[in-house]
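Hydrogens, waters and symmetry mates play no part in the numbers below; they use all other heavy atoms, side chains included.
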Amino acid sequence: QVQLVESGGGLVQAGGSLSLSCVASGRAFTYYAMGWFRQAPGKEREFVAAITWRGINTYYADSVKGRFTISRDNAKNTVYLQMSSLKPEDTAVYYCAARQGVPRVEKSEYDYWGQGTQVTVSS
């Protein structure tokens with residue numbers, strides 16, 4: 001069992017930056033691929049970014065490529081999402097998720113989820 005807790009959400013103006021963190025506890029975090037997803041009101045939860053367990057390979061949705069950076073520190077059991085050049089359409093609840101094996105973009109492939117953190121980007 002893996003428990004995930006996100007933090008770092010908040011209100012930011014368009015063009016600004018925000019950094020999210022997700023701390024994992026429970027089973028060995030090191031061997032889990034990690035992903036970030038987001039869900040806007042009335043919309044499906046969508047893939048944002050993912051990272052392999054070693055942190056060597058990263059994957060991004062086209063909508064955030066070049067603006068968001070995912071990283072991890074296995075010594076701290078933490079995965080990060082650095083967001084810059086934020087747009088109003090980035091407004092959503094952001095969730096981190098964990099799965100064994102390689103990262104996936106499908107939310108159904110992830111076994112563990114955090115409770116989410118709200119990000120609001122004002123225009």
Side-chain angles (χ1 to χ4, degrees):
Q1 194 79 0
V2 175
Q3 294 81 40
L4 304 172
V5 179
E6 303 97 333
S7 62
L11 173 64
V12 63
Q13 288 189 332
S17 299
L18 209 56
S19 182
L20 306 182
S21 299
C22 173
V23 179
S25 60
R27 299 185 70 178
F29 168 78
T30 303
Y31 302 109
Y32 283 79
M34 299 297 296
W36 283 97
F37 290 76
R38 65 186 182 187
Q39 187 167 16
K43 294 189 176 181
E44 292 283 325
R45 191 171 299 188
E46 65 176 6
F47 171 78
V48 175
I51 189 167
T52 53
W53 71 271
R54 286 184 178 179
I56 293 176
N57 297 104
T58 56
Y59 308 86
Y60 297 94
D62 288 343
S63 59
V64 306
K65 203 171 291 184
R67 300 189 297 122
F68 290 12
T69 301
I70 187 171
S71 62
R72 66 190 294 165
D73 185 339
N74 288 341
K76 296 182 179 179
N77 283 5
T78 303
V79 62
Y80 305 95
L81 186 67
Q82 178 65 41
M83 305 182 293
S84 60
S85 302
L86 282 160
K87 305 174 182 180
E89 50 264 44
D90 294 318
T91 294
V93 177
Y94 283 71
Y95 299 89
C96 70
R99 71 180 307 274
Q100 290 185 306
V102 298
R104 299 289 189 192
V105 301
E106 303 88 355
K107 56 182 182 292
S108 61
E109 296 285 346
Y110 287 78
D111 302 306
Y112 304 103
W113 292 85
Q115 83 290 346
T117 185
Q118 176 71 48
V119 172
T120 303
V121 184
S122 62
S123 56

Enter the distance from [X]:[atom1] to [Y]:[atom2] here, rounded to the nearest 0.5 Å.
X      : Y      : atom1 : atom2 : value
Lys87  : Ser123 : NZ    : OG    : 14.0 Å
Asn74  : Met34  : CG    : CE    : 9.5 Å
Thr58  : Lys65  : OG1   : NZ    : 9.5 Å
Gln82  : Ser21  : CD    : OG    : 9.5 Å
Gln118 : Leu11  : CD    : CG    : 9.5 Å

Where [X] and [Y] come nearest, the two heavy atoms and their spacing:
X      : Y      : value
Arg67  : Ser85  : NH1-O, 2.9 Å
Thr117 : Glu6   : CG2-CB, 3.9 Å
Tyr110 : Trp113 : O-NE1, 3.6 Å
Leu4   : Ala98  : CD1-N, 3.9 Å
Val2   : Ala24  : CG1-CB, 4.2 Å
Ala33  : Val102 : CB-C, 3.9 Å

Using the rule that two of Ile, Leu, Val, Met, Phe, Trp, Tyr join whenever any of their side-chain heavy atoms come within less than 4.5 Å, decide whether [X] and [Y] are in one cluster.
X      : Y      : answer
Tyr80  : Met83  : no
Trp36  : Val23  : no
Phe37  : Val105 : yes
Val119 : Tyr95  : no
Tyr94  : Tyr112 : yes

Mind checking what makes side-chain hydrogen bond (donor to acceptor under 3.5 Å, both in side chains) contact with Ser25, not counting sequence neighbours?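 Checked Ser25 against side-chain hydrogen bond (donor to acceptor under 3.5 Å, both in side chains); matches are Gln3.
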Would you please name every residue forming a salt bridge (charged side-chain N to carboxylate O under 4.0 Å, His left out) with [X], sequence neighbours left out?
X      : result
Arg104 : none
Lys43  : none
Glu44  : Lys107

Derivation of the side-chain contact (heavy atoms from CB on, under 4.5 Å) call for Leu86 and Phe68: CA-CA 9 Å; Leu86 282 160; Phe68 290 12; 3.8 Å; yes
Can you establish whether the number of heavy atoms outside Glu106 located under 6.0 Å from its atom CD is more than 12?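 Counting other residues, nucleotides and ligands, CD of Glu106 exceeds 12 neighbours.
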Just list the side-chain donor-acceptor pairs under 3.5 Å for residues 45-54, sequence neighbours left out, or say none.
| unit_1 | atom_1 | unit_2 | atom_2 | d |
| --- | --- | --- | --- | --- |
| Arg45 | NE | Gln39 | OE1 | 3.3 |
| Arg45 | NH2 | Gln39 | OE1 | 3.4 |
| Glu46 | OE2 | Arg38 | NE | 2.7 |
| Glu46 | OE2 | Arg38 | NH2 | 3.2 |
| Thr52 | OG1 | Ile56 | N | 3.3 |
| Thr52 | OG1 | Asn57 | N | 3.1 |
| Thr52 | OG1 | Asn57 | O | 3.4 |

Just by modelled atom types, is the Thr91 backbone N or O under 3.5 Å from a matching donor or acceptor in the Thr120 side chain?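 Side chain of Thr120 to backbone of Thr91, a donor-acceptor pair under 3.5 Å: no, none is there.
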Any donor-acceptor pair under 3.5 Å from Arg99 side chain to Glu109 backbone: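 The answer is yes, because a donor-acceptor pair under 3.5 Å joins these two groups.
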Under the ring-ring contact (aromatic ring centres under 6.0 Å, His included) rule, collect the residues that match up with Tyr60, sequence neighbours excluded.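 Per chain and number, Tyr60 pairs via ring-ring contact (aromatic ring centres under 6.0 Å, His included) with no residue.
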